[in-house]
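Have a look at the structure below, then the notes.
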Amino acid sequence: MRQRLAVGNWKMHGSLPENQALFEKVAVAAGALSRAIAVVCVPFPYLAQARTALAGSKAAWGGQNVSQHPKGAFTGEVSAGMLREFGCRYVIVGHSERRQFFGEDDATVALKAKAVLAEGMVPIVCVGETLAERERGVTEEVVGRQLSLVADRLGAEGLKASVLAYEPVWAIGTGKTATPEQVQAVHAYLRGALAAREKNIAESMPILYGGSVKAANAAELFRMRNVDGGLIGGASLVAEEFVTICQAADS
Ligand code: PGA
């Protein structure tokens, strides 16, 4: 049975008082889940608050980005070791906003995933096509290339300890969700690509969907055979929305 996950990606949102209320609700909701894990990936300065608020609960927390370097003169960067010190269990790598606005390429994403694994945490590796790429009919080629570079670098052992997230760029923050059939098709392709490397990994690796997941559409998306939960942006900032999404991932 594959691990089911509902991962909130807060992006650059939050404030100490707002977070506190949200953490408390997430902690309660996480306690009621039987097979899914609720995770919140918060901005770096709020990791200490996440640790205090969520320690002892069944919720996990993580980072949204990480340096590929273990330490050194890299002003403004945060290492995987630092994230681990704050109790992170998951780290998002290769989010399309990092690729688009901060110039991260596949090779960098692979190094970041490796840095996360080296500290015993789980990288949530994001792949996804732009609207232009979907319209050109090269979705599989794009996500296949993104996956393949990371997979080469991580090897079977690393892949086994990772999570994959399919996030079509055109569906992120746009309110335009991919249909369950579109999602299922890409997830099946990704699982097939993993199986071509190693069957066991393909069967055990959670593949999450992200892109305008909301309380209203989570259940129909997560019901698809190859979808193991979601990576949730905007809706993860609204407690009631995120709690319902966690429950959908659990059922
Ligand atoms: P969204 O973001 O749910 O706001 O579309 C998803 C993501 O970027 O992970």
Side-chain angles (χ1 to χ4, degrees), residues 4-14 18-19 22 26 29 36-44 46 50 59-66 83 88-104 109 112-113 116 122-131 133-134 139 142-143 146-147 150 162-180 182-183 186-187 190 206-222 224 227-249:
R4 311 253 315 167
L5 292 148
V7 182
N9 172 11
W10 287 12
K11 309 195 179 183
M12 201 170 71
H13 293 288
E18 281 169 354
N19 304 347
L22 197 43
V26 170
I37 302 179
V39 185
V40 283
C41 293
V42 304
F44 295 141
Y46 299 140
W61 57 96
Q64 302 170 9
N65 180 34
V66 68
L83 295 181
C88 290
R89 273 169 58 197
Y90 297 87
V91 184
I92 300 170
V93 297
H95 189 280
S96 66
E97 286 152 16
R98 302 290 323 166
R99 296 177 189 259
Q100 200 180 334
F101 305 132
F102 302 95
E104 286 186 17
V109 174
K112 290 185 174 204
V116 171
V122 178
I124 301 174
V125 180
C126 302
V127 299
E129 82 287 5
T130 62
L131 184 58
E133 288 163 338
R134 174 160 283 266
T139 296
V142 170
V143 298
Q146 291 170 335
L147 171 63
V150 174
S162 305
V163 168
L164 193 58
Y166 168 55
E167 297 211 308
V169 178
W170 49 272
I172 295 176
T174 57
K176 221 196 245 178
T177 318
T179 66
Q182 284 173 321
V183 174
V186 178
H187 282 223
L190 289 168
I207 307 182
L208 312 181
Y209 166 74
S212 300
V213 175
K214 313 180 213 24
N217 60 22
E220 61 171 7
L221 289 161
F222 300 170
M224 304 310 280
V227 181
D228 305 304
L231 181 52
I232 299 100
S236 73
L237 298 166
V238 183
E240 296 66 34
E241 284 278 317
F242 189 59
V243 168
T244 304
I245 293 166
C246 289
Q247 289 160 350

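Whatever order the structure lists them in is the order used to number ligands and atoms, beginning at 1. Since the model is a prediction, treat every value here as computed from it, not as a measurement.
Looking only at distances, no side-chain donor or acceptor of Ser162 sits under 3.5 Å from a matching main-chain atom of Pro123. Using modelled atom types, one side-chain atom of Arg4 and one backbone atom of Val227 make a donor-acceptor pair closer than 3.5 Å. A donor-acceptor contact shorter than 3.5 Å links the side chain of Gln146 to the backbone of Gly128.
Pairing each heavy atom of Ile37 with each of Ala60, the nearest pair is CG2-CB, 4.3 Å. Taking every heavy atom of both residues into account, Thr177 and Ser212 meet most closely at OG1-O, 3.1 Å. Nearest heavy atoms, Asn65 versus Val91: O-CG1, 3.8 Å.
Ligand-side atoms of ligand 1 in range of Ser212: 1 (P), 3 (O), 5 (O), range being under 4.0 angstrom from any heavy atom. Of all atoms in ligand 1, listed by their number and element, those nearer than 4.0 Å to a heavy atom of Gly211 are 5 (O). Atom numbering of ligand 1 starts at 1 in the shown order; those under 4.0 Å from a heavy atom of Gly173 are 1 (P), 4 (O), 5 (O). Short contacts between ligand 1 and Ala171, defined as distances under 4.0 Å to a heavy atom of the residue, involve ligand atoms 5 (O). Taking every heavy atom of Lys11 and a limit of under 4.0 angstrom, the matching atoms of ligand 1 come to 2 (O), 7 (C), 8 (O).
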Which atom pairs, one a donor and one an acceptor, fall under 3.5 Å between side chains of residues 230-241 and the rest of the protein, sequence neighbours left out?
| unit_1 | atom_1 | unit_2 | atom_2 | d |
| --- | --- | --- | --- | --- |
| Ser236 | OG | Ile232 | O | 3.1 |
| Ser236 | OG | Gly233 | O | 2.7 |
| Glu241 | OE1 | Ala215 | N | 2.9 |

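Looking at Asn9 against ligand 1, only its side chain comes within 4.0 Å, counting heavy atoms.
Considering backbone and side-chain N/O atoms, Thr174 never comes within less than 3.5 Å of an N/O atom of ligand 1. Between Glu97 and ligand 1, no pair of N/O atoms sits closer than 3.5 Å. Backbone and side-chain nitrogen or oxygen atoms of Gly210 are examined, and none is located within less than 3.5 angstrom of a nitrogen or oxygen of ligand 1.
In terms of protein heavy-atom proximity, atom 6 (C) of ligand 1 is closest to Gly233 N, 3.5 Å. Of all protein heavy atoms, the one lying nearest to atom 4 (O) of ligand 1 is Gly234 N, 2.9 Å. Of all protein heavy atoms, the one lying nearest to atom 9 (O) of ligand 1 is Glu167 OE2, 2.7 Å.
One option in Gln64, Lys214, His95 has a heavy atom closer to atom 8 (O) of ligand 1 than any other, and that option is His95.
Using modelled atom types and a 3.5 Å distance limit, the side chains of Gln64 and His95 yield no donor-acceptor pair.
In this pair, Tyr209 and Tyr166 present their aromatic rings tilted. The plane angle is within the 30 to 60° band.
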